[in-house]
Participant: 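A single structure is presented below for examination.
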Amino acid sequence: MKIATWNVNSIKARLPNLIEYLKEAQPDVLLLQELKLTEDQFPELEIGDLGYNSAVLGQPTYNGVAILSKQPISDVKRGLPGDDEDDHARYIEAETSGIRVASLYLPNGNPIDTPKFSYKLAWMKRLAQHTRELLEHEEAFVLGGDYNVSPNEVDVFSVNAVATDAIFRPESRAAFREILYMGLTDAFRAMHPDEQRAYTYWSYQAGSFRKGQGFRIDHLLLSPALADRLLACDIDKKPRAQEKASDHTPVWCEISEPTPSPW
DNA sequence: ATGGTTGTTCCACAA
């Protein structure tokens, strides 16, 4: 089973790219971020024609997340718990294909001397608390999406370029580690422990993609039960190389069928 | 140090 995540940077602007990706890559589950539309504007018919069910959390203009799956989607939960005042559409979670999946769009947090950065850190605290609760059930789950955090120096093209960027601040990376060290597996890094210059995002500016100047900020974090089934994980750079591309490219992993319990 | 680009909305803001 193939699970992928992709920040499309407007699903309206990216619908041809999305349709081509679904046809070619054939993920069983696709986690989407930055839809930039409301739920009633979601292209459910076009996506349904390709054999995908969808669960969506939208809002006008900004944010927006979705789960697409070839299998039925159930037990949909919209919004990250922990703050009733937070109305950003950044988190959706559901059951599909026998696993729990979440699509998340973590706040960017720039500039760091503004409330945007404290919102990012507060959001990460809530994600940590929610992850703690998910882990108590010992389920197979994946938290996938645009984390807007590069975990380590190897995940950025230039340490200088991100010295004051919220994606690489020590506070952001510490909050990411707090979640990871609960026992989750960064699927890409688990399969490619020594790979360098492996990025998932390249700015539209200054020819960044052509020059290989990117960041690894999109991640698939697996629960222990799902990490046991991890077969492969990689970054698919093809969609980023297209005309009218998103500034992010998909990350995917291949998961084996669950093995029956031996007792 | 600045400006480089894209998307959406309304002529700025977010990334």
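By convention in this document, chain letters (A, B, ...) are assigned in the order of the sequence lines, proteins followed by strands, and residues within each chain are numbered from 1.
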Participant: Nearest to the side chain of A/Asn9, heavy atoms from C-beta on, is which of B/dA14, B/dG7, B/dG4?
Facilitator: B/dG7

Participant: Out of B/dT8, B/dA14, B/dG7, which nucleotide sits closest to the side chain of A/Lys244?
Facilitator: B/dG7

Participant: Look at A/Arg14 and B/dG7 and indicate whether a side-chain polar atom (N or O) is within less than 4.0 Å of OP1 or OP2.
Facilitator: yes

Participant: Just the rounded figure in Å: distance from P of B/dC13 to CG of A/Asn63.
Facilitator: 17 Å

Participant: Say you pick atom C1' in B/dC11 and the same atom in B/dG7; how far apart are they, in whole Å?
Facilitator: 15 Å

Participant: What integer distance in Å separates A/Lys116:NZ from B/dC13:P?
Facilitator: 10 Å

Participant: Round to a whole Å and report the spacing from CG of A/Leu15 to P of B/dT8.
Facilitator: 12 Å

Participant: In whole Å, what separates the C1' atom of B/dA14 from that of B/dT9?
Facilitator: 12 Å

Participant: Measuring from the side chain of A/Tyr62 (C-beta onward, heavy atoms only), which nucleotide among B/dA14, B/dT8, B/dA15 has the closest atom?
Facilitator: B/dA14

Participant: Ignoring backbone atoms, establish whether A/Lys36 has a side-chain N or O less than 4.0 Å from OP1 or OP2 of B/dA14.
Facilitator: no

Participant: C1' atom, B/dT6 versus B/dA1: distance in rounded Å?
Facilitator: 23 Å

Participant: Check every strand shown and say whether A/Tyr105 touches a base, only sugar-phosphate, or nothing at a heavy-atom separation below 4.0 Å.
Facilitator: sugar-phosphate

Participant: Within this structure, what is the CZ-to-C1' distance between A/Phe157 and B/dG4, rounded to whole angstrom?
Facilitator: 12 Å

Participant: Do A/Asp146 and A/Gln33 get their side chains close enough for a donor-acceptor pair, meaning under 3.5 Å?
Facilitator: no

Participant: Could you check whether A/Lys120 pairs with A/Glu171 (Lys NZ or Arg NE/NH1/NH2 to Asp/Glu carboxylate O, under 4.0 Å)?
Facilitator: no

Participant: Which is more 5' along DNA chain B, the nucleotide nearest A/Asp146 or the one nearest A/Gln41? Just name the residue.
Facilitator: A/Gln41

Participant: Looking only at side-chain N and O atoms, does A/Asp86 offer a donor or acceptor that is under 3.5 Å from a partner on A/Tyr91?
Facilitator: no

Participant: Given that A/Ser10 and A/Gly109 both sit by DNA chain B, which one's nearest nucleotide is further toward the 5' end?
Facilitator: A/Ser10

Participant: Where the side chain of A/Tyr204 is concerned, which of B/dA15, B/dT8, B/dT5 is the nearest nucleotide?
Facilitator: B/dT5

Participant: If you measure from the Lys or Arg side-chain nitrogens to the Asp or Glu carboxylate oxygens, is any gap between A/Arg189 and A/Asp155 under 4.0 Å?
Facilitator: yes

Participant: Quick check with a 6.0 Å cut-off and a 45 degree axis cone: is A/Arg216 positioned over the face of A/Tyr201's six-membered ring?
Facilitator: no

Participant: In this structure, how many angstroms lie between the P atom of B/dA14 and the CG atom of A/Asn110, rounded?
Facilitator: 12 Å

Participant: Rounded off to whole Å, could you give me the CD-to-C1' distance for the A/Gln213 and B/dG4 pair?
Facilitator: 11 Å

Participant: Could you tell me how far apart A/Asp218 (CG) and B/dA15 (P) are, to the nearest whole angstrom?
Facilitator: 14 Å

Participant: In terms of side-chain heavy atoms of A/Gln205, which of B/dG7, B/dA14, B/dT5 is nearest?
Facilitator: B/dT5

Participant: Out of the candidates A/Leu127, A/Asp186, A/Ile217, only one should pair with A/Tyr147 under the side-chain contact (heavy atoms from CB on, under 4.5 Å) rule; please name it.
Facilitator: A/Leu127

Participant: Nearest whole Å is fine: how far is B/dT5 P from A/Lys211 NZ?
Facilitator: 11 Å

